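Here is the structure we will look at, set down as structure tokens.
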Amino acid sequence: MSTVPLLSVENLSISFGGLKVIDDVSFTLEQGGRLALIGPNGAGKTTIFNLLSGVYRQDAGHVRLGGQLIDTVPSRQRIGFGMARSFQNIRLMPHLGVVENVMLGQHSRADRPGGLLAPLSFLGRSKARAEAEALLAEMGIEVMPGQDVSTLPYGIRKKIELVRALAARPRLLLLDEPAAGLNGAETEELMAFLDRISASGVTLLVVEHDMGLVRSLCTRAVVLNFGRKIYDGPTAEVQRDPLVLEAYLGPRHSDKSEASDVA
Amino acid sequence: GETIKIGNIVASSGFLKSVGESALTAFDIAVKEINDAGGVNGKPIELIRFDSGSDPRQASVGARKLIQDDDVLAILGPFSSGEARVALNDADRFKVLMIPTAASAPGLTDDSKYGWRLTEDESKQFGRLLAALTASDIPHETAEIVYVSDEVVANSAGTQLYPALMKEAGIEVGEPIPVQFKSFDVSAQVATIMKKNPDVVAVAGLPQSASKVIKELRRQGYEGRVIGSQIFADPNIVELFGPEGEGTLVVAGFWPGRTDAASTFNTEFLSQLEDKGIHKLGAHHTDAQAYDGVYLLKQLMEQTGVTGDEDKLDEERAELAAAMEGVSFNGIVGDNICFVGHDAELPGYVIEVTGGEWTKFAEAPADKCD
Amino acid sequence: MLLEVRDLEVTYGRTRAVQGVSFGVAQGEIVTVLGANGAGKTSLLRALHGARKPQGGQILFDGEDMTTLTPAARVARGMALVPEGRQIFVSMTVEENLLMGGYMRRDDAVHGDLAAIYDRFPNLAERRHMKATVLSGGEQQMLALGRALVSRPRLIMLDEPSLGLSPLFVEKLFDLIRELNRDGISILLVEQNTHMALEVAARGVVLELGREMLSGPAAELAANPHLAEAYLGAA
Amino acid sequence: MSGYWIGIITILAINIVFAYGIFLAVATGQLNLGGAGFQAIGAYSAAWLSAEMGMPLYVTIPASILVTGLIGFAFAFPILRLKGVYLVLGTFAFAEVVVGIIINSDALGGAMGLPVPDYIDWPVPVAGAVVAALICFYIMSTRLGLVVRAVHDDDVVSDLMGVDVRMVRVAMFALGAGLAGLSGGLYAHAYTYVEVQTFNSALSIYVLLYVLLGGAQTPWGPMVGAAFFTLVPELLRNLLPQMKVAVMSVFGVEGAVTPPDESWRFVLLGVVTVLMMVFRSEGLVTRQLVERLSHPFRRRSSNATQKEAEA
Amino acid sequence: MLLVQQIVNGLMVGSVYVTVAVAFTLTISILNFLNFTIPTLFMVAGMVGWGLAYFGLPFGLSGPLAWPLALAVGGLASVLCSLLVERFTFRYMRTRHGDSTEHAIPLVSSLGFLLILENLIRIFYGSDSQRFPGPSSDLTAQIGGIFVRIPQLVSFAIVMLLILGLVWMMKSTRIGRGLRAIAENPDAASILGVEPNRIVPVVFMLTGLLCGLAGALFAVNYGEVSPQMGEDIGSKAIAGMVVGGLGSLWGAVAGGIIVGLVEMLTIHFFGADAVQVAVWGALLVTLLMRPQGLFGHNAIGKGKL
Ligand SMILES: Nc1ncnc2c1ncn2[C@@H]1O[C@H](COP(=O)(O)OP(=O)(O)OP(=O)(O)O)[C@@H](O)[C@H]1O
Ligand SMILES: Nc1ncnc2c1ncn2[C@@H]1O[C@H](COP(=O)(O)OP(=O)(O)OP(=O)(O)O)[C@@H](O)[C@H]1O
Ligand SMILES: [Mg+2]
Ligand SMILES: [Mg+2]
């Protein structure tokens with residue numbers, strides 16, 4: 001009902017050692033929206049995620065979540081505001097099992113008193129574990145006991161990261177290249193999955209280089225180049241923007257017809 | 001049983017390995033002699049041995065094992081004060097006689113009912129040394145004390161016994177100077193001593209600590225005497241100290257020349273160690289005391305007529321322990337040895353290291369017991 | 001054949017990641033290996049490069065049996081790997097990373113090669129003295145690529161090189177692959193970007209659960225309906 | 001029961017409690033090489049209360065936990081700012097300082113040590129070990145345990161998952177210190193004497209070794225590690241003479257064989273330790289092992305699916 | 001005057017710590033490995049040197065050797081032991097832990113070696129202190145009334161030369177680069193053709209050499225060796241290394257000397273009992289104020305151990 005956007009980024013800037021990595025970037029994302037954050041390598045997309053989740057502290061600008069200023073909220077508490085993320089370089093916990101990695105994602109929700117000390121697994125049965133297993137099953141990930149996450153194939157690990165973020169039941173999901181390492185068919189499955197997530201009310205902010213996914217999943221795109229916003233508008237038109245074409249997509253995308261591009 | 005079983009806790013591994021092994025050899029000699037001569041009450045003695053690895057907790061394990069599992073009548077050992085302190089509690093709890101070997105910490109047996117030591121008091125021995133020093137023409141107006149602060153016996157000797165005795169003997173003595181057991185460089189301590197350049201430096205510490213202090217003293221040009229009591233009175237210091245050790249005065253509780261038996265033991269002891277590849281210059285008084293410990297037990301066992309039978313175990317243990325009260329014993333360390341409290345009164349031999357030899361400088365008979 | 005693989009087996013405990021795979025890469029040829037997640041592509045490359053001992057089979061490079069040689073020996077003979085997950089040295093600078101690529105080289109021309117790589121990857125040139133840890137994901141991928149090139153390989157094995165690269169840069173990457181190939185370097189390409197991989201490659205091998213499912217000329221594979229369904233996604 | 005085994009079990013039980021104390025810190029990724037310091041604090045608290053204040057056991061033992069836990073808590077804040085080797089050496093320095101202070105304090109007996117009036121027999125240390133084990137097993141099976149392991153693996157991601165990394169580290173460090181203190185309290189009463197020389201740096205190293213060799217991924221590790229280091233030398237006590245006889249007979253030597261040097265026990269212990277690490281480098285017990293063992297059924301079923309797939 | 005002598009004493013002791021501290025720094029900064037066998041290697045050099053000078057080669061192969069020769073062989077023994085440690089600790093860590101960073105493993109194995117070496121020495125040479133038959137002449141010089149130990153000066157000079165060589169090696173040679181790569185990411189390093197099994201032993205050889213040198217010079221200097229001789233030096237050298245900072249060899253030099261000075265001045269002003277608290281307290285304070293030590297690099301030594 002509210003007209004306040006779920007996420008609003010206002011004049012965000014950060015520099016490292018004199019290098020302006022994010023330069024006065026603003027955009028908003030309404031509740032339930034699907035926004036793609038794209039741009040060439042090193043444009044600052046991951047840096048934006050790091051600013052949103054509090055890994056970095058911005059030099060200037062503000063971030064609002066649901067209208068509330070979260071600039072001073074410590075990174076640890078941001079997930080409690082309903083914001084969960086995945087990482088570009090997979091960061092699963094190597095010594096936790098697959099299910100346990102997902103259960104870690106539920107941590108921010110365990111707010112009932114004594115929650116920290118409630119047993120998680122008594123003879124393998126418990127709500128948290130069951131829920132995590134169900135989520136995994138939904139992604140089609142089968143769990144073998146004792147399987148080391150670090151030995152899993154890249155694509156599977158990427159999916160587990162996504163499930164871990166989902167386990168926090170976020171309002172806003174930040175995904176950093178979710179389709180990296182997936183082939184065409186797998187990317188389609190992922191799209192369908194994200195569609196369902198989005199339909200259930202979760203807002204998506206996706207960094208992705210797979211334009212097929214970007215265009216069929218997201219309605220709007222923000223394009224960064226050298227830390228500046230160079231485009232903000234519907235995904236359908238992004239590849240007609242000359243600036244974007246030159247900096248990001250390359251000639252191939254402008255030449256080809258849309259149909260073959262989706263593949 | 002076929003044999004009379006005696007427990008024997010030794011340190012044959014860990015940092016006390018070498019000294020523990022000497023004591024072990026002394027035990028074996030005594031047992032073999034006794035058994036060759038027909039044993040005790042018609043039965044051979046059997047030493048049941050347990051290695052404590054120089055660890056007090058293992059000494060306690062050993063005591064319990066020997067007492068509860070092996071049904072020994074009494075226990076010889078453990079070796080060090082640290083081990084004895086823990087194991088003596090077990091002896092008292094199970095009411096079994098225990099005679100530690102080299103544990104010379106002051107007051108160790110004060111609260112113990114079943115622990116007895118064939119060990120002479122450090123302060124008494126040092127007093128004898130001072131008496132010999134006073135009687136000699138060695139200058140001794142001023143003195144400094146160096147002690148190993150993290151070693152129980154040395155600490156109490158250096159901070160309490162030595163200063164008191166020296167003041168009593170009219171020697172002007174400075175504040176005791178601590179060194180740490182593990183530290184290898186004592187140049188800073190010695191530099192402060194050299195500033196005062198005393199006639200005598202008293203060292204309270206085990207041979208390796210004493211050796212460091214003495215070498216450093218000589219290096220910095222000290223020319224007076226170094227004295228110490230029985231803590232480092234090991235015949236091997238002659239070699240360990242080397243030429244720097246010349247003139248050192250110590251007090252030993254054993255003199256091989258005292259009786260034929262003593263010298264026989266010393267010779268046998270050295271040859272057995274040589275066979276094991278251990279090079280020793282003479283028996284340490286703790287080795288002699290270990291040897292005598294076996295004979296003391298033999299005397300007690302003969303006196304009480306123990307049989308070593310399993311069904312009489314408890315009463316025979318009690319008899320043995322009770323027989324220690326008022327006992328008088330002849331051994332290689334001395335004759336008519338008696339006990340005050342639970343510690344023996346032993347003679348002292350003031351030893352001087354001269355010309356690379358372990359020579360007798362003076363001697364003092366054992367004190368009388370009342 | 002420059003590289004010849006015969007009945008290769010790679011297992012991890014009970015998991016049989018590669019089961020009896022055979023194929024070859026001719027001098028100056030581009031061969032692509034396709035397959036779903038967990039098909040065993042990475043395991044195959046690890047075995048080819050010597051990071052993982054194969055449990056069976058044979059690897060021939062230039063007619064020489066490589067099966068028991070160390071990775072160093074393989075690098076010395078001209079094999080290079082751009083590994084999955086980039087594996088760059090994060091505490092070293094960009095330039096040091098590139099120099100590490102020339103570890104096995106004994107000549108002095110390395111610095112000249114670096115210049116060529118900086119030309120190709122301007123992002124790296126700008127950040128040559130920065131610690132590699134601050135690079136963006138795509139920049140790290142470029143670094144891993146550049147590093148492999150510094151060793152002047154005869155055969156370069158790429159494990160999902162387009163991962164994390166922007167579309168424009170993916171184009172450039174495939175141009176680069178063609179260019180390298182024109183210079184006579186053989187390429188073994190593992191890719192999830194099936195379309196482009198088949199476009200650039202002469203031949204392809206498709207793995208499924210560690211087994212060789214299909215293989216043949218790339219054009220044939222691209223036309224294969226089964227493959228389209230399994231890997232390309234509905235168009 | 002055999003006196004020997006009572007003695008060994010007492011040592012083992014105390015070692016297990018001690019190992020769990022270090023385990024809790026190690027489980028969060030903080031190698032604590034100050035074990036001896038914490039055990040000393042526990043032992044001296046109990047000893048002093050018992051000897052000087054005449055306090056009964058049910059005061060001294062809890063006090064040993066409490067005092068050490070509080071000191072651990074206070075120390076955790078500054079020390080846990082350190083990372084990696086610096087942290088290891090910081091905790092090591094802490095233990096040295098503790099021992100240095102004790103040896104200089106006359107109230108605690110200095111180098112002389114303190115006698116402890118109250119004796120406890122083996123059931124108390126064993127109970128202590130059981131309690132410590134239960135606490136650790138329980139913690140590791142809760143969400144807190146999950147979080148502890150997550151912090152061990154990656155503190156940045158844990159933080160983003162909403163985990164209060166600092167709180168978890170401090171809490172585990174302090175709780176671990178408390179358990180190490182308990183082991184000290186038990187030590188004081190089981191051996192009725194404490195002397196500071198016992199709490200040397202080798203002790204800190206060994207207890208960390210128990211945890212690392214046993215495996216720090218699951219609470220089984222410290223128990224197995226402590227048992228390994230306590231029992232292997234004991235096993236060799238009996239085995240070694242037999243081994244020597246066997247070896248001698250191979251070389252054709254008959255008859256009585258002198259017992260081997262006892263130090264060989266420790267040489268062999270070292271050899272076995274090195275070999276263990278060669279073959280099981282994450283520690284004897286890993287999470288994978290525990291999971292496989294506790295789900296034998298699931299393993300079979302997944303094997304079956306794999307076979308189906310292969311077929 | 002006395003104070004000057006004490007400062008000189010501090011520098012002298014410090015120079016003993018320096019050699020061992022450099023050995024520690026070498027393995028920790030290159031391989032991120034706290035090598036607990038270092039004090040033992042130091043002891044092995046001294047004890048084996050003594051054993052050869054006293055008994056000669058085992059199995060009656062020779063009579064007592066001349067002390068310089070004996071010490072040289074003792075140093076060699078320490079190098080060999082160090083290589084053995086590498087063979088069974090670091091090598092297995094790499095092969096079995098291709099992609100993980102569990103550096104605690106070699107830590108445990110190195111303790112296993114500590115047990116083995118220490119007890120073997122006890123078995124063959126006993127647990128007592130022994131006099132080392134050094135050069136017959138007095139090696140103390142008196143400069144303006146201040147006592148200076150010649151062997152320590154010599155050893156300090158040798159160590160300085162060694163460090164210069166090490167710094168050059170790490171900076172400018174292929175081995176140096178390969179070692180850095182292995183330390184950071186053994187998997188990636190081997191992909192590029194670095195062979196850990198060939199170049200990691202170099203570090204262990206150097207470690208053994210440093211320990212052997214330190215042990216030999218110690219024996220000459222103090223005229224005494226014992227199976228416990230490594231313990232105090234080991235922990236003080238660690239303190240020195242940390243004070244100096246883990247990344248830097250020069251830091252280890254400075255740290256070792258600082259620890260020596262702190263020790264001797266504490267003894268002078270407060271007595272030996274205060275040394276433990278002073279040295280380790282100073283270390284703790286340094287760490288809390290400057291967590292990377294005086295000269296340490298920020299990144300080194302913070303990896304997961
Ligand atoms: N901590 C840092 N210090 C210095 N520079 C940094 C830091 N973090 C990021 N950068 C620089 O900022 C730029 C943007 O990085 P970022 O990771 O946000 O890019 P990106 O848009 O996610 O790119 P990609 O698509 O390749 O992942 C990069 O050039 C990177 O080198
Ligand atoms: N170190 C390992 N230990 C155990 N199993 C492993 C290990 N590495 C890989 N595997 C298993 O081997 C199989 C093949 O994995 P591999 O990484 O080769 O797949 P992939 O084809 O490269 O997948 P992706 O495209 O996702 O990278 C998988 O089942 C994986 O779980
Ligand atoms: Mg990125
Ligand atoms: Mg792969």
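Below, chains carry the letters A, B, ... as their sequence lines are ordered, and counting in each starts from 1. As a basis for the values below, the full set of heavy atoms in this structure was taken, side chains included, without hydrogen atoms, waters or symmetry mates. Please read all numbers here as calculations on a predicted model, not as lab measurements.
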Quick one: closest heavy-atom pair of B:Ser81 and B:Val153, and the distance? OG-CG2, 4.2 Å
Side chain B:Ser13, main chain D:Ser263, donor-acceptor under 3.5 Å: no
Look only at the side chain of B:Asp51 and the backbone of B:Gly53, and say whether a donor-acceptor pair between them is shorter than 3.5 Å. yes
B:Ser209 versus B:Phe181, closest heavy-atom pair with distance: OG-CD1, 3.7 Å
Okay, D:Ile103 and chain B: the region with an atom under 4.5 Å from a heavy atom over there is side chain
Quick one: which of B:Lys65, B:Arg85, B:Glu151 has the most heavy-atom pairs under 4.5 Å with chain D, could you say? B:Arg85
Quick one: what part of B:Arg93 sits under 4.5 Å from any heavy atom of chain D, side chain, backbone, both or neither? side chain
Examine whether an atom of B:Lys182 lies under 4.5 Å from a heavy atom of chain D, and if so say whether it belongs to the side chain, the backbone or both; otherwise answer neither. side chain
Name the member of D:Trp264, D:Trp5, D:Tyr187 that forms the most heavy-atom pairs with chain B at distances under 4.5 Å. D:Tyr187
Option in D:Val196, D:Ile14, D:Ile8, D:Asp261 with maximal non-hydrogen atom pairs under 4.5 Å from chain B: D:Asp261
On a heavy-atom basis, which atom in B:Arg317 and which in B:Lys95 lie closest, and how many Å separate them? CB-O, 4.1 Å
Highest number of heavy-atom pairs under 4.5 Å with chain B among D:Gly113, D:Gly7, D:Gly110, D:Gly3 belongs to D:Gly3
Check whether D:Asn200 gets within reach of chain B through its side chain, its backbone, both or neither, counting any heavy atom under 4.5 Å. neither
For the residue pair B:Ala157 and B:Ile231, what are the closest heavy atoms and their distance? CB-CD1, 4.2 Å
Flag for B:Asn89-D:Thr192: side-chain donor and acceptor within less than 3.5 Å: yes
Which one, B:Val152, B:Val86, B:Asp69, leads in non-hydrogen pairs under 4.5 Å with chain D? B:Asp69
Contact winner vs chain D - B:Ser149, B:Ala87, B:Ser12, B:Ser156, heavy-atom pairs under 4.5 Å: B:Ser12
